[in-house]
**Student:** 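Okay, handing you the structure first.
Index from 1, following the sequence.
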Amino acid sequence: MKPSAPTLGDLGFEAMVLGGCTPSGQIEALFREDRGLRAVVIEVRGDLSLLTRDQLDHKMTGRLGYGRALNARVTAEALVPCTTFSLPPSLDLRQAAAALLDRPEESRYQDVLVVPALGAPRVVPVSQVLEGLSDVFRHAALHDPMTGLANRLGLEESGQALLAGATSARTAALYVDLDDFKVINNTFGHRAGDKVLTAFAARLEACTRPVDRVARLGGDEFAVLLADVDEASAHALADRILRVLDAPFVHDGHLLQVSATVGLAMARDVGAGGVGADGVGPGAQDPGTHLEDLLRQADAAMLQAKHEGKRRLGRIDPSQPASRFARQALIRRRLPQALASAAFSLHYQPLMDIPSGACPAVEALLRWQDPELGAVSPSEFIHVAEHSGMIHAVGRWVIDQACAQARLWADAGTPRAISVNISPLQLAAGNLATVIHGSLQRHGVPPSLLNVEITESAAIVDLSSAAAQLRTLIRAGIGVALDDYGTAYSSLSLLRELPLTGLKLDKSFIDTIDTDPTSAALVASVMASARALGLRTTAEGVERETQLAVLRGLGCDTAQGYLIARPLPPAELDMLSRRRVP
């Protein structure tokens with residue numbers, strides 16, 4: 001588990017302490033007899049000073065070569081420098097390095113005297129501090145700060161070595177995901193969630209052997225690489241992991257019951273890694289690629305087990321065709337790279353004002369074109385982003401890109417209000433208003449050019465907190481609409497609980513509005529309720545002129561759908577708008 005952070009007192013060596021009356025010749029003899037001796041400590045009337053080999057040589061040589069003759073009969077008290085740089089042993093290496101850098105240039109790299117409250121003083125070379133600090137930073141780069149387990153980068157480094165070894169074909173991967181972990185965070189708070197994750201990490205590590213590799217991949221996802229095992233042994237370890245969760249976790253007097261789902265993949269499932277039978281034969285798979293494939297297969301097995309009921313071990317038959325779970329696992333693994341590699345883009349679908357026929361607003365729709373996956377639809381990756389916690393980074397990117405585009409259109413003299421979709425999980429983070437206001441200010445965009453649409457891919461857990469954030473946005477001049485009304489978790493109660501300025505009717509309501517009187521009556525009822533609450537209404541999925549005619553007759557404010565325009569990149573949308581101008 002997490003190692004204790006090294007301190008200055010862990011470095012260097014125990015110093016030899018000499019009295020101030022020790023003759024200089026005796027001190028010089030000590031250094032001459034022990035070529036590894038770097039320094040001694042001189043005690044004068046209770047004060048400790050450091051005398052290094054270099055300082056003694058300088059004194060005994062002297063500027064004109066008479067130092068030894070002049071100092072042959074002096075005592076140690078006369079040899080010590082006027083000041084000695086000393087530090088307490090409790091300093092961590094970052095603090096110690098900062099203190100060293102504050103020293104004058106001429107003395108910055110001299111040894112340091114470390115004086116504990118009890119025990120012998122120590123001499124610490126500056127080089128040890130810098131080397132130790134380098135190790136600290138390297139450890140931090142390869143480990144999860146909360147649990148002390150390896151992070152994804154650390155697992156890649158150690159896992160590649162494992163898959164390059166002679167027993168690489170007997171390597172296995174377990175992908176461990178805690179079931180419905182967000183319930184703990186939402187019910188008891190993130191402090192409780194962090195405590196459970198840390199305790200589970202300890203239990204997980206206790207299940208494994210020293211040769212295995214255990215890592216936290218992020219959120220509530222963990223991985224274990226098993227060295228030199230057969231399938232029966234891997235199954236046995238997975239069963240142990242499931243059983244260690246039978247005992248609840250304790251937090252503030254509450255017993256928190258958590259379960260997990262585990263996916264198993266054997267190295268032979270995804271090809272041979274490391275060296276071939278002839279040592280480095282052609283076709284031998286690169287260990288890095290092999291590790292990626294192995295983890296993806298284990299991830300897919302875990303997702304399949306989740307689909308089958310959770311709290312179990314999943315195993316995918318490698319002889320069967322790739323399942324949708326394999327694609328979903330790849331989406332999970334490539335999603336963090338999509339933000340960094342510019343694989344995401346925003347397309348914009350016009351929102352037509354029905355009475356005037358103008359399109360003063362658009363909805364920003366996220367698109368992902370991946371070099372390996374191809375086009376990935378939001379229906380595939382949004383729930384993955386929500387489950388993994390990536391939705392917050394993705395959401396911030398969408399808001400920022402939309403604000404940047406709003407600025408470009410305003411500068412071009414064609415201002416358009418842009419609606420962005422917000423997940424309830426972004427609301428649950430509690431900082432949505434701060435994120436939006438920051439992006440508006442960064443790009444110099446007035447609030448009237450941004451609207452938010454609350455999507456219903458997950459239920460809004462804390463309605464009072466969500467309402468407070470939305471109220472802040474509305475007071476600032478930002479429109480707030482409830483999206484996909486009539487599906488998922490939406491109901492009339494949400495219209496009462498949440499402060500809103502708009503309501504978007506789901507496409508399923510609009511599909512038969514021009515052919516089915518019942519559908520038209522339902523839409524009319526929703527329109528009447530929205531008007532009574534002072535909400536603007538938008539119909540999604542309008543594809544026929546007859547649908548638009550019915551909506552116009554019912555007093556709907558805005559229409560969106562392929563009849564008006566498909567979602568388009570900004571340049572194509574601008575061309576379309578110019579063609580429509582008479």
Side-chain angles (χ1 to χ4, degrees), residues 345-367 395-423 426-427 432-433 435-455 469-485 498-505 530 533-542 548 551 556-578 580-581:
S345 64
L346 290 183
H347 286 197
Y348 298 89
Q349 187 171 30
L351 299 168
M352 187 184 79
D353 180 70
I354 293 178
S356 68
C359 294
V362 294
E363 179 183 359
L365 297 167
L366 185 58
R367 297 292 182 259
R396 287 192 298 270
W397 184 88
V398 169
I399 291 168
D400 198 67
Q401 289 294 306
C403 287
Q405 184 59 53
R407 179 73 267 165
L408 291 175
W409 278 330
D411 290 344
T414 56
R416 296 183 178 95
I418 300 178
S419 295
V420 295
N421 293 294
I422 300 296
S423 164
Q426 291 171 264
L427 277 173
L432 178 63
V435 169
I436 289 177
H437 288 317
S439 193
L440 289 171
Q441 291 177 1
R442 187 160 49 251
H443 296 285
V445 175
S448 60
L449 290 183
L450 188 70
N451 300 309
V452 299
E453 298 181 2
I454 308 303
T455 62
Q469 294 178 75
L470 298 181
R471 201 171 289 114
T472 299
L473 296 176
I474 291 172
R475 281 198 296 263
I478 297 168
V480 177
L482 184 63
D483 195 14
D484 299 329
Y485 185 77
L498 295 178
L500 300 167
T501 62
L503 183 66
K504 297 188 73 173
L505 280 78
L533 295 170
L535 304 180
R536 286 184 59 82
T537 51
T538 299
E540 299 179 298
V542 178
L548 184 59
L551 291 168
C556 185
D557 298 301
T558 308
Q560 176 182 9
Y562 286 178
L563 177 65
I564 294 96
R566 293 174 177 268
L568 296 168
E572 293 183 30
L573 182 62
D574 292 340
M575 291 175 60
L576 177 65
S577 299
R578 285 194 291 271
R580 285 181 172 175
V581 175

**Student:** Answer whether the closest heavy-atom distance between the side chains of K504 and S419 falls below 4.5 Å.
**Tutor:** no

**Student:** So does T538 get a backbone contact from the side chain of D557, meaning a donor-acceptor N/O pair under 3.5 Å?
**Tutor:**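 Judged by distance alone, no pair lies under 3.5 Å.
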
**Student:** Of the non-hydrogen atoms in P569 and H347, which two are nearest, and what is the gap between them?
**Tutor:**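 Taking every non-hydrogen atom into account, CG-NE2, 3.7 Å.
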
**Student:** Begin with the C-alpha distance, continue with both residues' side-chain angles, and end with the deciding distance and a verdict on side chain to side chain contact (heavy atoms under 4.5 Å, CB included) for I418 and L346.
**Tutor:** CA-CA 11 Å; I418 300 178; L346 290 183; over 6 Å; no

**Student:** How close do P499 and L470 get, heavy atom to heavy atom, and via which atoms?
**Tutor:**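 Minimum heavy-atom contact is CG-CB, 3.8 Å.
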
**Student:** To the nearest 0.5 Å, how far apart are OG in S423 and CD1 in I454?
**Tutor:** 9.0 Å

**Student:** Go through the steps for D483 and E540 under the test side chain to side chain contact (heavy atoms under 4.5 Å, CB included), then give the verdict.
**Tutor:** CA-CA 9 Å; D483 195 14; E540 299 179 298; 2.9 Å; yes

**Student:** List the atom of L573, the atom of P350, and the distance in Å for their closest heavy-atom pair.
**Tutor:**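 For L573 versus P350, the nearest heavy atoms are CD1-CG, 3.6 Å.
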
**Student:** With the side chain counted from C-beta on, respond yes when C359 and I564 share a heavy-atom pair under 4.5 Å apart, and no when they do not.
**Tutor:**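 Heavy-atom side-chain distance check passes, below 4.5 Å.
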
**Student:** Answer yes or no: is there a side-chain heavy-atom contact under 4.5 Å between Q405 and Y348?
**Tutor:** yes

**Student:** Are N451 and E363 linked by a side-chain donor-acceptor pair shorter than 3.5 Å?
**Tutor:**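 No, E363 and N451 have no side-chain donor paired with an acceptor closer than 3.5 Å.
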
**Student:** Taking S439 as the fixed residue, which of I399, V398, V445, L450 is the one that meets the side chain to side chain contact (heavy atoms under 4.5 Å, CB included) rule?
**Tutor:** I399

**Student:** Specify the closest pair of heavy atoms between L449 and A410, including all atoms of both residues, with the distance to one decimal.
**Tutor:**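 Distance-wise, the nearest heavy atoms are CD1-CB, 4.4 Å.
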
**Student:** Of the non-hydrogen atoms in C556 and I354, which two are nearest, and what is the gap between them?
**Tutor:**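 For C556 and I354, the tightest heavy-atom pair comes out as O-CD1, 3.4 Å.
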
**Student:** About how many Å separate OH of Y485 and CG of L505, when rounded to the nearest 0.5 Å?
**Tutor:**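 Answer for the CG-OH pair, L505 versus Y485, is 8.5 Å.
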
**Student:** Taking C-beta and beyond as the side chain, do L473 and L432 meet within less than 4.5 Å on heavy atoms?
**Tutor:**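 Side-chain contact under 4.5 Å: yes.
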
**Student:** Is any side-chain heavy atom of I436 closer than 4.5 Å to a side-chain heavy atom of Q469?
**Tutor:**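 SC-SC contact between I436 and Q469 ruled out.
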
**Student:** Find out whether V435 and Q426 are in side-chain contact, i.e. whether some heavy atom of one side chain is under 4.5 Å from a heavy atom of the other.
**Tutor:** no

**Student:** Report yes if some heavy atom in the side chain of L365 is under 4.5 Å from a heavy atom in the side chain of R566; otherwise report no.
**Tutor:** no

**Student:** Short question: side chain of T501, backbone of V480 - any donor-acceptor pair under 3.5 Å?
**Tutor:**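 Pair found, side chain donor or acceptor close to backbone of V480.
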
**Student:** What are the two closest heavy atoms between C403 and L440, and how far apart are they?
**Tutor:** SG-CD2, 3.7 Å

**Student:** Rounded to the nearest 0.5 Å, what separation is found between the CG atom of D400 and the CZ atom of R442?
**Tutor:**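 Nearest 0.5 Å value for the CG-CZ distance: 4.5 Å.
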
**Student:** For residues M352 and L548, determine if any side-chain heavy atom of one lies less than 4.5 Å from a side-chain heavy atom of the other.
**Tutor:** yes

**Student:** Any chance you could measure D353, atom CG, to R536, atom CZ, to the nearest 0.5 Å?
**Tutor:**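 With rounding to 0.5 Å, CG (D353) is 6.0 Å from CZ (R536).
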
